There are 2 protein chains.
Amino acid sequence: MPAKPQASFKPRKRPVQARSEATVSALFEASIQVLLGVGYRKFTTTRVAERAGVSVGSLYQYFPNRQALITAVIERYLEGLRATIEQRCRELCGHTLDRQITGLVDAAITAKWAHIEVSRALHEPLADIGGTELVTASAIKTAGVVAEVLRSCADASFRDVDRLSLLMVISCSALLQAAVTDETGALDRESVRTHMRAMVLGYLHEMRADQSQAAAE
Amino acid sequence: MPAKPQASFKPRKRPVQARSEATVSALFEASIQVLLGVGYRKFTTTRVAERAGVSVGSLYQYFPNRQALITAVIERYLEGLRATIEQRCRELCGHTLDRQITGLVDAAITAKWAHIEVSRALHEPLADIGGTELVTASAIKTAGVVAEVLRSCADASFRDVDRLSLLMVISCSALLQAAVTDETGALDRESVRTHMRAMVLGYLHEMRADQSQAAAE
DNA sequence: ACCTGAACACCGTTCAAGT
DNA sequence: ACCTGAACACCGTTCAAGT
């Protein structure tokens, strides 16, 4: 009886020679192609290996199982998204709240839409691998940067900035994901921009610490 | 060569005899049990049939494939959730905005948390079957009721109530799903309640049509 | 009208044999 | 150090045979 593979979804080994690096790159590339071409239901290790021009055995030399492969693909995507957003975020330090929020919302929307097909294609595998943890981990990091931005705000200050930023990022990314996979047409890019901005601004106004709120009581 | 099953994820036939109704019920029940017990990865038709005490063949008499089964299970869940929430929504007609929002948020949270284990267990299969459509369809219906409630509001009125309600419902349900599958502890029930309320109220204040906004410019 | 379960195709994963 | 691909276990789905 073969030993159960179990758990560890991390790459099996680091590529140390040029040949193996090429193999891994090809597998990543092929994974995206297969996902976009035939969807996750037909995302089989054989198919990915074939598309990458290597044997299944080679695939399993670098990824202990199918999940590890898809997880790695998703991590790459999330990292790219995060880097893009965070870079634009940092440019917003010191600006007014209105400008910061407009900028943050735009950064998130632009980044997400830049690879919208991939964003869509990854939604299903994301749930399959229990990707909430990955997404949350990514959100936590982004929230850190958002918190910095809010703390530097020229015309507003907030209580509990860290928690507030996290909730904001999580809500926005959940909304973005919904928008990207939406098929009703109600969540088109510009509607999302307008409403996300209103939602975040409204939320932050409710949470401001530096002025008597204009509560609707 | 056997004919391709293809597409139609609808139940294959209506149960017309007592025996078959019992079979279908058993299959639904068994599906939930299997999902809670071993998870979606091991949600196999054989296992479900076995747990239901029938043969695989019987399962395929009522559901053309695995997806049809899981789809039916999810639809049942969504319907239940929707019914519960909408019922509580209707009781909020004519109240003040603050009371309505507090009530709506509470209704959503209470309903979602009432079967939190099932909510969690269904997240993965939901993505697998492309459940965004199902969720959106459900959201559209709920948004209709929410729009009614907002139109009846005693102390506020809004532009574009339908779109606004839809965005609200979709954002909230996305946030709820994130909260329910959260593992960091940042999205506990009470935090979600507080922040969701602030977010919705803030959003609606931004969107009010009946008063000069207290914008932070 | 409904149920059964052996049978088939296909996919994930391994491992002995290669270079 | 890396690659290959036949082989095995397991799962979705069918269908001829039952009651």
Side-chain angles (χ1 to χ4, degrees), chain A residues 1-27 30-31 34-35 38-73 125 128-129, chain B residues 1-27 30-31 34-35 38-73 125 128-129:
Chain A
M1 190 195 310
K4 272 189 271 182
Q6 272 299 48
S8 179
F9 296 150
K10 307 238 162 181
R12 205 162 238 179
K13 59 194 287 189
R14 297 223 143 276
V16 295
Q17 288 189 1
R19 183 166 46 149
S20 61
E21 275 187 45
T23 301
V24 170
S25 287
L27 286 170
S31 294
V34 169
L35 234 27
V38 300
Y40 191 50
R41 198 76 32 70
K42 294 181 178 172
F43 181 88
T44 67
T45 49
T46 319
R47 209 183 301 260
V48 171
E50 188 181 24
R51 176 118 204 178
V54 300
S55 70
V56 234
S58 290
L59 190 158
Y60 280 91
Q61 199 166 6
Y62 297 101
F63 304 95
N65 48 51
R66 204 183 81 119
Q67 270 203 54
L69 174 60
I70 195 67
T71 302
V73 170
D128 186 38
I129 63 164
Chain B
M1 190 196 311
K4 272 189 270 181
Q6 273 297 46
S8 178
F9 297 150
K10 307 237 161 184
R12 205 163 237 179
K13 59 194 284 189
R14 299 222 142 276
V16 295
Q17 289 189 358
R19 184 167 46 150
S20 62
E21 276 188 46
T23 301
V24 171
S25 288
L27 286 169
S31 294
V34 169
L35 234 27
V38 300
Y40 191 51
R41 199 76 32 71
K42 293 181 178 172
F43 181 88
T44 67
T45 49
T46 319
R47 210 184 299 261
V48 171
E50 188 181 26
R51 176 117 201 178
V54 300
S55 70
V56 233
S58 289
L59 190 159
Y60 280 91
Q61 199 166 7
Y62 296 101
F63 304 95
N65 48 50
R66 203 183 82 118
Q67 270 204 54
L69 173 61
I70 194 68
T71 301
V73 170
D128 186 37
I129 62 165

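Just the heavy atoms: all of them, side chains too, but no hydrogens, waters or symmetry mates, feed the values below. A, B, ... follow the sequence lines: proteins, then strands. Residue 1 opens every chain. This one's a predicted model, so the numbers in the text were calculated from it and none came from an experiment.
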For this session: Using atom CZ of A:Arg66 as one end and atom P of D:dC11 as the other, report the distance to the nearest whole Å.
Result: 14 Å

Exercise. If every non-hydrogen atom of A:Asn65 is compared with every non-hydrogen atom of A:Tyr60, which pair is closest and at what distance?
Worked result: CA-CE2, 3.8 Å

For this session: Could you state the atom-to-atom distance from CD of A:Glu21 to C1' of D:dC2 in whole Å?
Result: 14 Å

For this session: Specify the separation, in whole Å, of atom CD of B:Glu50 and atom P of C:dT4.
Result: 12 Å

For this session: Could you tell me whether the phosphate oxygens of C:dC11, OP1 or OP2, come under 4.0 Å of any side-chain nitrogen or oxygen in A:Arg47?
Result: yes

Seminar exercise, completed: Winner on side-chain proximity to A:Val54, out of C:dT13, D:dT4, D:dG12, is D:dT4

For this session: Report the distance from atom CZ of B:Arg41 to atom C1' of C:dC11, rounded to the nearest whole Å.
Result: 15 Å

Exercise. Between A:Arg66 and A:Tyr40, is NZ or CZ placed under 6.0 angstrom from the six-membered ring centre and within 45° of the ring axis?
Worked result: yes

Exercise. Below 4.0 angstrom from OP1 or OP2 of C:dC11, is there any side-chain N or O of A:Thr44?
Worked result: no

Problem set entry | Integer-rounded Å distance: C:dC11 C1' and A:Arg51 CZ | 19 Å

For this session: Examine C:dG12: is either OP1 or OP2 under 4.0 Å from a nitrogen or oxygen in the side chain of A:Thr45? Give yes or no.
Result: yes

For this session: Determine yes or no for a side-chain-to-main-chain donor-acceptor pair under 3.5 angstrom, with B:Arg41 supplying the side chain and A:Ile129 the backbone.
Result: no

Problem set entry | For atom CD1 of A:Ile70 and atom C1' of C:dG12, their distance in whole Å | 15 Å

For this session: Look at the side-chain N and O atoms of A:Thr46 and state whether any lies under 4.0 Å from the OP1 or OP2 oxygen of C:dC11.
Result: no

For this session: Specify the separation, in whole Å, of atom CG of A:Asn65 and atom P of C:dC15.
Result: 14 Å

For this session: Respond yes when some side-chain nitrogen or oxygen of B:Tyr60 is under 4.0 Å from OP1 or OP2 of D:dT13, and no when none is.
Result: yes

Exercise. Tell me: NZ of B:Lys42 to P of C:dG12, nearest whole Å?
Worked result: 17 Å

Seminar exercise, completed: Checking N1-N3 plus N6-O4 or O6-N4 for Watson-Crick, or N1-O2 and O6-N3 for wobble, each under 3.5 Å, the partner of C:dC2 is D:dG18

For this session: Please determine, for the side chain of A:Ser55, which listed nucleotide (D:dT4, D:dT13, C:dC2) has the closest atom?
Result: D:dT4

For this session: Return the minimal non-hydrogen interatomic distance between B:Val73 and B:Ser31, and the atom names on each side.
Result: CG2-CB, 3.7 Å

Problem set entry | D:dC8 - base-pair partner by Watson-Crick or wobble geometry, distances under 3.5 Å | C:dG12

Seminar exercise, completed: Comparing nearest nucleotides in DNA chain C, the 5'-proximal residue of the pair B:Thr23, A:Val56 is B:Thr23

For this session: State, to 0.1 Å, how close B:Arg47 and B:Lys42 come at their nearest heavy-atom pair, and which atoms those are.
Result: NE-O, 2.8 Å

